[in-house]
Amino acid sequence: MSSFKDGATERAARKIASLSPELRSLTEEGARIIKSGGLVAFPTETVYGLGANALDPDAVASIYEAKGRPSDNPLILHVSSVEMAERVVEINARALLLIDAFWPGPLSVVLPAKDIVPPRTRGGLPTAAVRMPDSAPALALIEMSGLPIAAPSANISGRPSPTDAQTVRSDMGDRIPLVIDGGDTRFGVESTVVDMTGEHAVLLRPGGVSKEDLEKTLDEEVLLPQDQQIIKRSPGTRYRHYAPSVPLVLCAAHLVPEESRKWAWMGIKEPGGTPCAAVLFKNKAEYAKGLFRALRMLEKSGAEVIYAESPDEAGIGRALKDRLERAAGK
Ligand code: TXA
Ligand code: MG
């Protein structure tokens, strides 16, 4: 499987070659930190990640510690080549279809883990999630380290994920030695997580690669995690996520209730009534991209409640709706 020069690895190599000299020297410094067991925050195309050597249980422990994250919540291993992915998981033919179609990109694939992956990285599970991020600094950091990098979003556990370097610094500040600033992220919501270990593909977390896209590539129906059994398999979905410090309520633009409190609005359409602050998006993709920043901004607007428009579930809408519902505490 690794003998041919695969498309995903070639696309990653081209991306790495495009890195600016300034970011290259920052990533070189980052790679030294990763190799010595430290933490580095870095941009991906989805959100900023807080990375460490995925194969070093002590380095991984410091990720959990810095985030205040429950340690049974498994991490995604970020790779810069398909060969590196093969070092950590057993890739099957159907997974390879997805890899060829979507890497580098916002898709994490859950596969049987190889022994080299410490139980701490995979939350004690027999499986591990791998993804190749579509970001030059991220890919360069992994490549220069020569190691798969375990990385959750670079926020304090439970808070909205960071989509720019400034937010990482304000959340994590002095807990991490280096934040690589690659500007705003392109997708704004985290990667799609799909479980490819069983007979059926299961969508554990909707993200930048849609269910429809997965189904087209696999030529099969992708299942949703409706039952307890699958929730157990994706421990991360159990925890409170993205919580703004002000209550968030989902509703249609024309159905915002009469409010005696100061309220803020976020959505694509203009709301009925007069919010004290509002963030309007052109479309669902822009909404997804700006969601976490808007949450962080509106919670500081003086509003006592934030109303947010609930989108339809086509394409990126499923991921957007998922994050909104979690932020609303559903
Ligand atoms: O876009 C992203 O995926 C970002 C950037 C930094 O790459 N990372 C990210 O990581 O969102 P995190 O740790 O916030 O979310 C990882 C998700 C969790 O829902 C976790 O439960 C799931 O992936 N996951 C990881 N390993 C798994 C496994 N072996 N089986 C099932 N789910 C797994
Ligand atoms: Mg997260």
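Computed from heavy atoms alone, side chains included, the values below leave out hydrogens, waters and symmetry copies. One-based numbering, in listed order, for ligands and for the atoms of each. Here the structure is a predicted model, which is why all the values come from computation and not from measurement.
Checking side-chain atoms of S310 against main-chain N and O of L250 turns up no donor-acceptor pair under 3.5 Å. At least one donor-acceptor pair closer than 3.5 Å links the side chain of T44 to the backbone N or O of V47.
The environment of CD in E270 is sparse: at most 12 heavy-atom neighbours from other residues, nucleotides or ligands sit within 6.0 Å. Heavy atoms from other residues, nucleotides or ligands lying under 6.0 Å from NZ of K300 number 12 at most.
For ligand 1 and L204, the ligand atoms under 4.0 Å from any heavy atom of the residue are 31 (C), 32 (N). Listed by number with element, the atoms of ligand 1 under 4.0 angstrom from any heavy atom of S153 are 9 (C), 10 (O), 14 (O).
Only side-chain heavy atoms of T46 come within less than 4.0 Å of ligand 1; its backbone N, CA, C and O stay farther off. Using a 4.0 Å cut-off between heavy atoms, S191 contacts ligand 1 through both its backbone and its side chain. For D195, no heavy-atom contact with ligand 1 is shorter than 4.0 Å.
Note on ligand 1: R205 sits in its first shell, one or more heavy atoms being nearer than 4.0 Å. Residue P106 places every heavy atom at 4.0 Å or more from ligand 1. For the ligand labelled ligand 1, residue P133 lies outside the 4.0 Å heavy-atom shell.
Of the inter-residue distances, the one linking L203 atom CG with L223 atom CG reads 9.5 Å to the nearest 0.5 angstrom. Atoms CG and NZ, on L50 and K67 in that order, are 7.0 Å from each other to the nearest 0.5 Å.
Between Y307 and W263, the angle of the ring planes goes over 60°, which puts this pair in the perpendicular group of the 30/60° scheme.
On a distance-only criterion, T44 and ligand 1 share no N/O pair closer than 3.5 Å. Considering backbone and side-chain N/O of N73, one or more are found under 3.5 Å from N/O of ligand 1. Ligand 1 has a nitrogen or oxygen under 3.5 angstrom from a nitrogen or oxygen of R69.
With a cut-off of 2.8 Å, the Mg ion (ligand 2) has an N, O or S atom of S153 in range.
The option from P74, A41, A154 that lies nearest to atom 26 (N) of ligand 1, judged by heavy atoms, is P74.
Checked against R186 for a side chain to side chain donor-acceptor pair (under 3.5 Å), the options T163, T46, D134 give a single hit: D134.
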